[in-house]
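Below, chains carry the letters A, B, ... as their sequence lines are ordered, and counting in each starts from 1.
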Amino acid sequence: MEPINNKGYKLLHQGCLALSQVEMNGMKIDVDYTQRAIQATAKRIDKLEDELKKDEVFKTWRKRYGSRLNINSREQLGEVLFNILKYPCPERTKTGRPKTDEAILERVDIGFVAKFLKVMKLKKAKSTYLEGILRETTDGFLHPFFHLNMARTFRSSSSDPNFQNIPVRDPIIKKLVRRMFIARPNHRIVEVDYNGAEICCAACYHKDPVMIKYIKDDTKDLHRDMAMQCYKLKLSQVNKEIRYCGKNMFVFPQFYGDYYLMNAKSLWEAMVRLKLKTNDGTPLIKHIKAKGIKGLGSLYPKDKPKAGTFVKHLQEVENDFWGRRFKVYNEWKKEWYDEYLENGYFETLTGFRIEAVMRRNQVINTPVQGSAFHWLLWSLIEINKVLRKHKMKSLIIGQIHDSIVSDVHKKEVKNYLEIVQQVMTQDIRKHWKWIIVPLAIEAEVAPIGGSWYEKKEIEL
DNA sequence: TACTTCGGCGCC
DNA sequence: AAAGGGCGCCGAAGTA
């Protein structure tokens, strides 16, 4: 990759300097809390493991492995469940071992496995987060690294520790871990993020009028609409959980280059596993069957989807998605890839030529993912400049691809929010005239001296 | 003991 | 026609 204009060059130069400032600022860690949390979590793990050891399944496990038994080994558990106890093994890894991830193990409907998964979650929280972060903490402060030279898409990455994958989805683990991150005295943690950054950024490349309409019109909601179509629901039947599935099991995978077979699989599994219900309380699986879907259908790529299966339905949704709904977007993908094949490179709107051997999906995703991050990077640089120019006490302490985390002095909160709003939604569009969609941000604020866990969304 | 590979899982 | 984008960190297991 190389810059093709001065804006590109300056972005990385200043970005590097601004991020080193962010690294130096660092964030406060509640060390006492963390030590207590580690102890408490260790205790919970011990207790659950004791219970596991009393189970019949564990006795089978011991018989098979004897002293080599390792309660942390999913591979051993896979052997016990699928080869000895003869539970059906739905999938294998590329090296031929039985797959033993969460989705697969949940299908083995016995208490032992449910408890095993619960313990694994706690161990992940303890080792990677509680202990991993504490290990990197000195004098109560943590200074994660932010790199601009690691990601192939010219996003950033973070390490030692990785600040960009702190748990947020599982409410229990979220609280356990995010409680570690606290504001400096008289400060509040403030996190601001772009709404749908990658979708908006993609729109600047493909300029699909339907997508632009979705972005501009507040009453329209793509994820909701696709959830409705995938699960054959009416507007009144959709809820937050179902919308989440539409977003993360259809829309985003499709944008990343996935296809109907995988969508059908994960959307179907979600119905069963999360026991999804329509807003009026009907189990989704029952609803979909009433709508004429007999079953999931074959997941073998070579089989032709059969009428009346969920797979066939998703194939139709996909065809509609690209063939009718986002026709212009679809044409852009083809042209963009063809041009890459011809030239051997492509150029991002943020000012870089990227010359590398890439697969089709990478060629389509890289400019979007990279440029969306460049919006954030440019914003971070400008916000940092303003904070310093006005000698404000507030500090930027981190960045997560499309969001900025700051430790904001209690008297500067209003001012800070005005600055980020101005930079992220107005100034950036003067800097890059090719941004053809309105940009919006969301802000969350934690109490004075409180933790990252306690952040709450506020009106801007 | 040190290192690599794999599978898994956390995030956007 | 083909078919899931980008990271970093952990422990298990195998190898040197």
- Is NZ or CZ of A/R155 both nearer than 6.0 Å to the six-membered ring centre of A/F373 and within 45° of the ring axis? no

- Item | Which nucleotide in B/dG7, C/dC7, C/dG5 has an atom nearest any side-chain atom of A/R359 | C/dG5

- OP1 or OP2 of B/dG8 sitting under 4.0 Å from any side-chain N/O of A/K99? yes

- Tell me what A/R155 touches on the nucleic acid: a base, only sugar-phosphate, or nothing, going by heavy atoms under 4.0 Å. base

- Message: Base, sugar-phosphate or nothing for A/M150? Non-hydrogen atoms, less than 4.0 Å.
- Response: sugar-phosphate

- Under 4.0 Å: is that the gap between some side-chain N or O of A/K121 and OP1 or OP2 of B/dG10? yes

- Tell me whether the OP1 or OP2 atom of C/dA13 has a side-chain N or O from A/Q76 closer than 4.0 Å. yes

- Among C/dG6, B/dC12, B/dG10, the one nearest A/P167 by side-chain distance: B/dG10

- Task: Rounded to the nearest angstrom, tell me the gap between atom NZ in A/K124 and atom P in C/dC10.
- Result: 8 Å

- Verdict with supporting geometry, A/H374 and A/F352, ring-ring contact (aromatic ring centres under 6.0 Å, His included): CA-CA 11 Å; A/H374 287 163; A/F352 300 92; 5.1 Å; yes

- Query: Can you tell me if the side-chain N/O atoms of A/R92 get under 4.0 Å from OP1 or OP2 in B/dC6?
  - Reply: no

- Message: If you take the centroid of each ring, where Trp contributes its six-membered ring, are A/Y329 and A/F255 closer together than 6.0 Å?
- Response: yes

- Message: I want to verify a distance call: between C/dC7, C/dG6, C/dC10, whose nearest atom is closest to the A/S157 side chain?
- Response: C/dC7

- Task: Run the salt-bridge test on A/E102 and A/R273 with the 4.0 Å N-O cut-off and return the result as yes or no.
- Result: no

- Task: Answer yes or no: is there an ion pair linking A/K115 with A/D55, defined by an N-O contact shorter than 4.0 Å?
- Result: no

- Message: Side chains of A/N365 and A/Q369 only: does a donor on one sit below 3.5 Å from an acceptor on the other?
- Response: no

- Query: What does A/P253 touch in the nucleic acid at a heavy-atom separation under 4.0 angstrom: a base, only the sugar-phosphate, or nothing?
  - Reply: nothing

- Task: Find the distance A/K94:NZ to B/dG7:C1' and express it as a whole number of Å.
- Result: 9 Å

- Item | Inter-nucleotide P distance (B/dC12, C/dG4), Å rounded | 23 Å

- Consider the side chain of A/T93, meaning its heavy atoms from C-beta on, and name the nucleotide among C/dC10, C/dG5, B/dG7 that approaches it most closely. B/dG7

- With sugar-phosphate meaning primed atoms plus P, OP1 and OP2, does A/D258 contact a base, only sugar-phosphate, or nothing at under 4.0 Å between heavy atoms? base

- Message: Tell me whether the ring of A/Y259 lies stacked over the C/dA3 base, given a 5.5 Å limit on centroids and a 30° limit on the plane angle.
- Response: yes

- Message: Expressed as a whole number of angstroms, how long is the span from A/E191:CD to B/dC11:P?
- Response: 13 Å

- Query: So, is A/Q362 close to the C/dG6 phosphate, meaning a side-chain N or O under 4.0 Å from OP1 or OP2?
  - Reply: yes

- Give A/E75 one of three labels, base, sugar-phosphate or nothing, depending on what nucleic acid heavy atoms sit under 4.0 Å from its own. sugar-phosphate

- Query: Taking atom CZ of A/F145 as the centre, does the number of heavy atoms from other residues, nucleotides or ligands within less than 6.0 Å exceed 12?
  - Reply: no

- Task: Nearest whole angstrom, please: distance from the P of C/dA12 to the CZ of A/F116.
- Result: 10 Å

- Atom-to-atom span, CG of A/N248 to P of C/dG6 - whole angstrom: 18 Å

- Task: Using a 4.0 Å heavy-atom cut-off across all strands, classify A/S158 as base, sugar-phosphate, or nothing.
- Result: sugar-phosphate

- Check whether any side-chain N or O of A/S73 sits under 4.0 Å from OP1 or OP2 of C/dA12, and answer yes or no. no

- Considering just the side-chain nitrogens and oxygens of A/T100, establish if one lies under 4.0 Å of OP1 or OP2 belonging to B/dG8. yes

- Message: Rounding to an integer number of Å, can you tell me how far A/R97 CZ sits from B/dT5 P?
- Response: 14 Å

- A/N165 side chain N/O closer than 4.0 Å to the phosphate oxygens (OP1, OP2) of C/dG8? no

- Round to the nearest Å and state the distance from A/N319 atom CG to C/dA2 atom C1'. 14 Å

- Taken to the nearest whole Å, CZ/A/F163 to C1'/B/dC12 is 13 Å

- Message: Does B/dG7 have OP1 or OP2 under 4.0 Å away from a side-chain N or O of A/T95?
- Response: yes

- Query: B/dC9 phosphate, OP1 or OP2: any side-chain N/O from A/R74 under 4.0 angstrom?
  - Reply: yes

- Task: Mind checking A/Q254 for me? I need base, sugar-phosphate or nothing, with any heavy atom below 4.0 Å counting as a touch.
- Result: nothing

- Identify whether any heavy atom of A/R360 sits under 4.0 Å from a base atom; if not, whether one sits that close to sugar-phosphate; answer base, sugar-phosphate or nothing. nothing

- Message: C/dG5, OP1 or OP2 - any side-chain N/O from A/T153 closer than 4.0 Å?
- Response: no

- Would you say C/dA12 has OP1 or OP2 under 4.0 Å from some side-chain N or O of A/N72? yes

- Identify whether any heavy atom of A/V168 sits under 4.0 Å from a base atom; if not, whether one sits that close to sugar-phosphate; answer base, sugar-phosphate or nothing. sugar-phosphate

- Message: Name the residue from A/W452, A/Y33, A/F141 that meets the ring pair (Phe, Tyr, Trp, His ring centres under 6.0 Å) definition with A/F181.
- Response: A/W452

